[in-house]
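These notes are about the structure you will find just below.
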Amino acid sequence: MSGSPNDTNDDARPAPVVLGSYLRSLRLAKGLTPSAAAEAIRCSPSKISRMETGRVTQHWQDVSALITAYGVSDWPTIDGARQWAHRQPRKRRAPGTIHDDAAGWADRLRACEHHASSICVYASVTMPRIVQTTGCPVDQLTLLTSSIQPPRVPVHTVLPGQEQDVTVLLDGAMLLRTLGNPLAMAAQMTYLQRLAVSPHGPRILVVPLRAGVIPPPGTLHRFQLHGHEVFAEETWHAVYTGGTDGQTARDRLAAGLEAAEAPETSATLLGAARRRFELLAKDPASDALLEELAA
């Protein structure tokens, strides 16, 4: 989990790259080119590119004009994006920790997921969206950026020909969840097991309960976005950290990776979880594999 020196530089703030990824996702979902977007704020397409990669200050006037051009009409969502524009690095210190519970927070998180070149996800409660099957019993959010989300297939791409490096850590408790439809959970485990043994899919690693590692309270994401390391902890909203403010998240991911089982062993555990959910679907009162998975 160690990165380049710039990854932990105190100036590495999440606001520009998160907002830039959000703006790019909205533009792509609307089917607009950078040239068409540039007309909305009377600038050059190259400025749109710099805004979308966090390489230039994103002023709230430009942000408001762009997301309106991208079809966002409700004021809470527009205002939520404007709040990010006010967090840009200027003369005063920009925040390294940002709590995002404003309208559109899920879109901003999914935009980071879509445009990151590298992703590491550590989940302890709900299945990460990037490996979630359609029948998995989790909350399904309506996203403005959903039309450009990566498909739920073994290989996820950022742009044509550019593959994402994806690692998914699952806390052992995830294999013991009995909420929802057991058959849907069995299908989810089957999908994860297939990814775990595929040479092309995301790395699926299980952190066993016996390791004693304290998992994140929700889902912890690590994104590499345009050369910046950004962490996002997702519960009922998102909290972003970067630079030295991200050290706690960095350490938690490192501990999970160190304790995780190898891909082959993880696939075996996922297979046992699949069989458990299949048995629970037939006989909810029986839980013959609970002890094996909880060991």
Side-chain angles (χ1 to χ4, degrees), residues 10-29 51-54 57-64 66-68 70-90 92-116 119-126 128-130 138-146 148-150 216-226 228-250 252-253:
D10 199 43
D11 292 331
R13 303 298 169 185
V17 289
V18 173
L19 180 55
S21 296
Y22 178 56
L23 292 174
R24 174 174 286 184
S25 288
L26 288 175
R27 177 178 62 78
L28 292 175
M51 289 180 67
E52 291 180 349
T53 54
T57 299
Q58 301 132 326
H59 299 288
W60 69 264
Q61 298 95 328
D62 290 340
V63 172
S64 296
L66 281 175
I67 64 175
T68 300
Y70 297 156
V72 179
S73 58
D74 62 294
W75 174 250
T77 300
I78 294 174
D79 189 54
R82 284 178 48 176
Q83 291 178 33
W84 278 85
H86 288 301
R87 293 160 172 157
Q88 301 296 304
R90 294 187 179 91
R92 62 182 177 83
R93 174 186 167 94
T97 300
I98 298 176
H99 295 258
D100 187 9
D101 58 359
W105 73 267
D107 277 296
R108 285 183 282 278
L109 181 61
R110 303 313 169 201
C112 293
E113 179 182 278
H114 183 74
H115 297 295
I119 302 173
C120 186
V121 187
Y122 191 176
S124 64
V125 179
T126 60
R129 183 179 176 85
I130 200 167
V138 298
D139 293 335
Q140 298 292 332
L141 298 173
T142 300
L143 303 175
L144 294 172
T145 58
S146 60
I148 51 85
Q149 289 301 306
T219 301
L220 179 62
H221 307 257
R222 175 186 180 269
F223 303 115
Q224 281 290 347
L225 282 164
H226 313 296
H228 296 281
E229 182 183 53
V230 175
F231 294 95
E233 188 161 312
E234 177 186 8
T235 51
W236 56 90
H237 63 290
V239 178
Y240 294 88
T241 54
T244 55
D245 284 14
Q247 192 59 48
T248 298
R250 192 176 292 112
R252 180 162 284 175
L253 272 180

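Since this is a predicted model, take the numbers as computed values, not measurements.
Between Thr241 and Ala249, the shortest heavy-atom contact is OG1-CB, 4.5 Å. Considering all non-hydrogen atoms of both residues, Ile78 and Ser64 come closest at CG2-OG, 4.3 Å. Smallest separation of non-hydrogen atoms from Arg252 and Pro217: NH1-CD, 3.5 Å. When all heavy atoms of Leu19 and Ala81 are compared, the closest pair comes out as CD1-O, 4.1 Å. In plain terms, the two heavy atoms of Gly80 and Ala102 that are nearest each other are CA-CB, 3.8 Å. Contact detail for Pro14 and Gly242: the closest heavy-atom pair is CD-N, 4.2 Å.
With rounding to the nearest 0.5 Å, the separation of CZ in Arg82 from CG in Asp62 is 12.0 Å. Rounding to the nearest 0.5 Å places CG of Leu26 at 6.5 Å from CG of Asp107. A distance of 11.5 Å separates NE2 in His114 from CG in Leu225, rounded to the nearest 0.5 Å. Between Arg110 atom CZ and Ser25 atom OG the span is 11.5 Å, to the nearest 0.5 Å. Here CG of Leu220 is found 11.5 Å from OG1 of Thr235. Values are rounded to the nearest 0.5 Å. Interatomic distance, CZ of Arg87 versus CG of Asp100, reported as 6.0 Å (0.5 Å rounding).
Taking the side chain as every heavy atom from C-beta outward, His115 and Glu52 never approach each other to under 4.5 Å. Looking at heavy atoms from C-beta onward, Thr97 lies in side-chain contact with His99 at the 4.5 angstrom threshold.
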### Task
Assess whether side chain to side chain contact (heavy atoms under 4.5 Å, CB included) is satisfied between Arg129 and Leu109, documenting all intermediate values.
CA-CA 11 Å; Arg129 183 179 176 85; Leu109 181 61; over 6 Å; no
### Query
Under the side chain to side chain contact (heavy atoms under 4.5 Å, CB included) criterion, do Val230 and Cys112 qualify, and how do the steps go?
CA-CA 9 Å; Val230 175; Cys112 293; 5.5 Å; no
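Here Gln83 pairs with Asp79 under the side-chain hydrogen bond (donor to acceptor under 3.5 Å, both in side chains) rule; sequence neighbours left out. Legend: residues meeting ring pair (Phe, Tyr, Trp, His ring centres under 6.0 Å) with Phe223, ordered by chain and number and at least two apart, are His221.
Of the possible donor and acceptor atoms, one in the side chain of Arg250 sits under 3.5 Å from a partner among the backbone N and O of Gly243. With hydrogens and angles disregarded, no donor-acceptor distance shorter than 3.5 Å links the side chain of Glu234 to the backbone of Thr219. Gln58 contributes a side-chain N or O that, together with a main-chain N or O of Pro16, makes up a donor-acceptor pair within less than 3.5 Å. The main-chain N or O of Gly104 is never found under 3.5 Å from a side-chain atom of Thr77 such that the two would form a donor-acceptor pair.
Each of Tyr240, Trp60, Trp105 was evaluated against Trp84; a single residue qualifies, Tyr240, per the ring pair (Phe, Tyr, Trp, His ring centres under 6.0 Å) test.
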